[in-house]
**Student:** 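Provided herewith is a single structure, encoded as structure tokens, for subsequent inquiry.
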Amino acid sequence: MGPSPTTLSKLKLGKLRVVRRRLLQRYEHQPYISCLAGLYGCQWRRYQRTRATPGDCCCSKLECVSFALLIMTFCLTLVFLYFWSEAQNDYNDFDWFNFGNLGFWFPWSVVLLVIAAAFFSYVTLLLLLAVCLLSEGQKLYLHWGHKIGILVTLAFSIVATAVLSDLWSKEWTTLLLSFQVTAPYLHVGGVLLVTLLSWPIALHFFRINKKVGRTLIMGLYLAVLCALYLVPLGMYSPCLKKEGALGPAPALIGHRGAPMLAPENTLMSFEKAVEAGGEGLETDVTISYDGVPFLMHDRTLRRTTNVQKVFPNRTDAPAAMFTWGELETLNAGDWFLYHDPFGTAWSLGAEDRAQAQNQSVCTLRDFLELAAQRGKQVIFDLYRPPRGHPYRDTWITRTLEVIQNESSIHSHQVLWLPPDLRNLVQKMDPDLQQTSGSWGPVEELQQNHIVQLNLHYSSMSTEMISEYAAVNISTNLYVISQPWLYSLAWCSGAQSVTTNSPQLLNKLTRPLFLMTPDEYNLMWVLTDVVSFILILIIFIFHWWRERGLAFCSGSKPTLEHGTYSKFRTEMSDVWSVSSVNILGEPAGSPLATEPNLATVSEH
């Protein structure tokens, strides 16, 4: 005789309850949690793992402090890593600054970046482990070795940030400029991160009994979430432009030529800049002891020549105190292959390497002749000779003599940058394009016949560039070598940029990160809406699961041996395996023992 309808109904109901309990059951993934606990706290044995008691804090006060310190270290290390990675445009200046102070060449900038990346990876891994443990309801225990590692990482971030802020304060301006192109994407990344964090936050929110704790967690989380959702309202980027509003790409001016492809301030370097698409050439001019203007950026010859080998007793002597005959004996190319300042020497072919190795100090006349033959504009800094130099008081007129009488360049090709005796220079050669190294009121610039500004890129401003362009004063920004920074200058309307990498920037056909306002608004709204829906689903799921677990167990979970007890799924009101055979089968038959499949075994 088969089971009655009432018995069948109870059987079906029992199976549904089994399924529901299985869905709600918290399963411990022993290998997974053991691995997390082992990596985070060096707790590799199973009995060392403990769950947090429902309603209690996830860890002790000491571990709370450690976790807070871990979060703070993560944030500071992230800021420093972002700061230093965005400063790549000025790595060469940083390395040569250290060369001048330490006396030897070493790529300190790259080493600092690698160390920062390693520390950031370390604290990020620890933070991920902590979040995963919290998501599994485990108590946190950070091993003392990791605590020391966090303190070392925190100390490194603070000291490195403080030192660089003191020596390179302008780099913070670079950081702010980078937000103008990366902010839309950083916003998406931030929203994604906060959305992922909603899982452990929702888990602990519904498990904490204290209203103060719940209010604190939810209040802080919602504040951060709302700030992220609304931050685009205060966001500005010149790369958000309507179709057709983008101006022409800035002209490229080779900074000391193409210093990534050849030794700086040599004829080879300027030829490489022209080949790479440079429309102008920039250099630095010093006057030798016997009156020959030549190209040299540093005050001494130590960095870019073999003066230490040829004149060992005059290594630190001013470059202007050497005669041209002495300067001709120096090699100005060997250092480039030996130090490889940009890490690009490997890309040179055998012919280029041989040519670079044999470069000599270049005169202003040869530089101007090259520009005249190629039809390029030139701009240069002119250094006044030191005291006791025969041309200390006539350095301006001597340079003008070379431009007007000793070369075939046209005066209108020369952007005259030296501010000294500007009125005299204007009278002597009115065709020179007067260029100012600092911005000022439009009326003052026009009175001084200024037609171009030569400004550091940190002073980049769309409004300023537009204001000067309206009165035919163009703006050149220096030194821009990174594509993102060039893209920002392009979107800001700069007419030209001085660069170390014309061969790289010339390949850009449009600015990076360029988008229309409508495209950005769509990305913003879509990101926020999808994030809100996911967070809502996660919170609803945890609320449903916590209520379901309490309902199915008939009471709140209790602790057994330091861990949550498993919620039993035996249904004694539906069947009894040991004493009652509902289906009328023998006690040892498969059907009689089938309910045991729903039983969750204890540890």
Side-chain angles (χ1 to χ4, degrees), residues 86 88-90 92 170 173-174 177-178 180-182 236-261 270 272-283 371 374-381 412-415 417 433-439 445 450-515:
E86 292 301 318
Q88 288 186 43
N89 189 80
D90 301 321
N92 187 250
K170 283 187 177 181
T173 306
T174 304
L177 287 175
S178 72
Q180 295 185 18
V181 293
T182 62
Y236 165 76
S237 174
C239 290
L240 298 178
K241 289 186 175 295
K242 295 181 179 179
E243 291 287 348
L246 182 66
L252 301 176
I253 298 177
H255 182 236
R256 307 174 202 165
M260 291 185 177
L261 303 177
F270 297 117
K272 290 291 185 183
V274 172
E275 293 173 4
E279 298 181 34
L281 303 172
E282 185 273 347
T283 190
R374 303 299 181 91
K376 304 299 180 182
Q377 288 187 325
V378 299
I379 182 173
F380 54 83
D381 286 309
H412 64 81
Q413 291 178 254
V414 179
L415 304 177
L417 183 59
Q433 295 195 49
Q434 294 295 327
T435 303
S436 174
S438 60
W439 60 275
L445 295 176
I450 301 299
V451 296
Q452 180 154 329
L453 296 175
N454 186 55
L455 306 175
H456 189 267
Y457 72 81
S458 60
S459 60
M460 187 188 314
S461 166
T462 304
E463 294 77 13
M464 180 189 68
I465 293 173
S466 177
E467 178 185 356
Y468 288 129
V471 292
N472 295 321
I473 298 178
S474 58
T475 302
N476 177 69
L477 301 173
Y478 69 91
V479 171
I480 291 178
S481 302
Q482 291 295 311
W484 75 264
L485 200 52
Y486 179 70
S487 298
L488 185 60
W490 189 346
C491 294
S492 298
Q495 285 75 34
S496 61
V497 301
T498 302
T499 178
N500 289 324
S501 56
Q503 75 284 356
L504 176 63
L505 302 185
N506 194 44
K507 295 178 181 179
L508 290 180
T509 56
R510 69 191 299 271
L512 303 177
F513 313 108
L514 179 66
M515 66 177 75

**Student:** Which atom pair, heavy atoms only, marks the closest approach of N89 to S481?
**Tutor:** OD1-N, 2.6 Å
**Student:** I'd like to know if the side chain of S492 reaches the main chain of T462, judged simply by a donor and an acceptor atom lying under 3.5 Å from each other, with no hydrogens or angles considered.
**Tutor:** no
**Student:** When you compare the side chain of F380 with that of V414, does any pair of heavy atoms fall below 4.5 Å?
**Tutor:** yes
**Student:** State, to 0.1 Å, how close L453 and S438 come at their nearest heavy-atom pair, and which atoms those are.
**Tutor:** CD2-O, 3.6 Å
**Student:** Would you indicate whether the side-chain heavy atoms of W439 and T475 approach each other to under 4.5 Å?
**Tutor:** no
**Student:** To the nearest 0.5 angstrom, please state how far the CD atom of Q434 sits from the CD1 atom of I473.
**Tutor:** 12.5 Å
**Student:** Are the side chain of K376 and the backbone N or O of G278 linked by a donor-acceptor pair below 3.5 Å?
**Tutor:** yes
**Student:** From T283 OG1 over to H255 NE2, what is the distance, rounded to the nearest 0.5 angstrom?
**Tutor:** 9.0 Å
**Student:** Within a 6.0 Å radius of atom CD on E243, are there more than 12 heavy atoms belonging to other residues, nucleotides or ligands?
**Tutor:** no
**Student:** If we ignore hydrogens and angles and just use 3.5 Å, is the side chain of N506 paired with the main-chain N or O of A276 as donor and acceptor?
**Tutor:** yes
**Student:** Can you name the nearest heavy-atom pair linking S459 to L455, along with the distance?
**Tutor:** OG-CB, 3.5 Å
**Student:** With a 3.5 Å cut-off and no angle check, do the side chains of N476 and T498 form a donor-acceptor pair?
**Tutor:** yes
**Student:** The test is side-chain contact (heavy atoms from CB on, under 4.5 Å); show your working for E279 and L252 and say whether it passes.
**Tutor:** CA-CA 6 Å; E279 298 181 34; L252 301 176; 5.8 Å; no
**Student:** Quick one about Y478 and S496 (side-chain donor to acceptor, distance below 3.5 Å, no hydrogens or angles considered), yes or no?
**Tutor:** no
**Student:** List the steps and the verdict of side-chain contact (heavy atoms from CB on, under 4.5 Å) for L477 and H456.
**Tutor:** CA-CA 5 Å; L477 301 173; H456 189 267; over 6 Å; no
**Student:** Distance-only, no hydrogens or angles: does the E282 side chain make a donor-acceptor pair with backbone N or O of I253 under 3.5 Å?
**Tutor:** no
**Student:** Please assess I450 against T435 for the test side-chain contact (heavy atoms from CB on, under 4.5 Å), listing each intermediate value before the final yes or no.
**Tutor:** CA-CA 5 Å; I450 301 299; T435 303; 5.9 Å; no
**Student:** Measure the spacing between CG of L240 and CG of L514 and express it to the nearest 0.5 Å.
**Tutor:** 8.5 Å
**Student:** Assess the side chains of Q452 and S474: does a donor N or O sit below 3.5 Å from an acceptor N or O?
**Tutor:** yes
**Student:** Nearest 0.5 Å, please: how far is CD in Q180 from OG in S237?
**Tutor:** 6.5 Å
**Student:** Taking all heavy atoms of E86 and all of T174, pick out the closest pair and write down the distance.
**Tutor:** O-CG2, 3.7 Å
**Student:** Could you pull out the closest heavy-atom pair between G437 and L417, with the gap in Å?
**Tutor:** N-CD1, 3.9 Å
**Student:** State, yes or no, whether a side-chain contact exists between L512 and V181 at a heavy-atom distance under 4.5 Å.
**Tutor:** no
**Student:** Give, for atom CG of L505 and atom CG of N500, the distance between the pair rounded to the nearest 0.5 Å.
**Tutor:** 9.5 Å
**Student:** When you compare the side chain of M460 with that of L488, does any pair of heavy atoms fall below 4.5 Å?
**Tutor:** yes
**Student:** Backbone N or O of P483 within a donor-acceptor pair of the S487 side chain at under 3.5 Å?
**Tutor:** yes
**Student:** Report the C-alpha separation of L281 and V274 in whole Å, then their side-chain angles, then the decisive distance to 0.1 Å, and conclude whether the side-chain contact (heavy atoms from CB on, under 4.5 Å) test is met.
**Tutor:** CA-CA 8 Å; L281 303 172; V274 172; 4.3 Å; yes
**Student:** Tell me whether K241 contacts the main-chain N or O of C491 through its side chain, where contact means a donor paired with an acceptor under 3.5 Å.
**Tutor:** yes
**Student:** Any chance CH2 of W484 has more than 12 other-residue heavy atoms, nucleotides or ligands included, within less than 6.0 Å?
**Tutor:** yes
**Student:** Taking atom CZ of R510 and atom CH2 of W490, what is their separation to the nearest 0.5 Å?
**Tutor:** 8.5 Å
**Student:** Search all heavy atoms of A249 against all heavy atoms of Y486 and return the closest pair with its distance.
**Tutor:** CB-OH, 3.6 Å
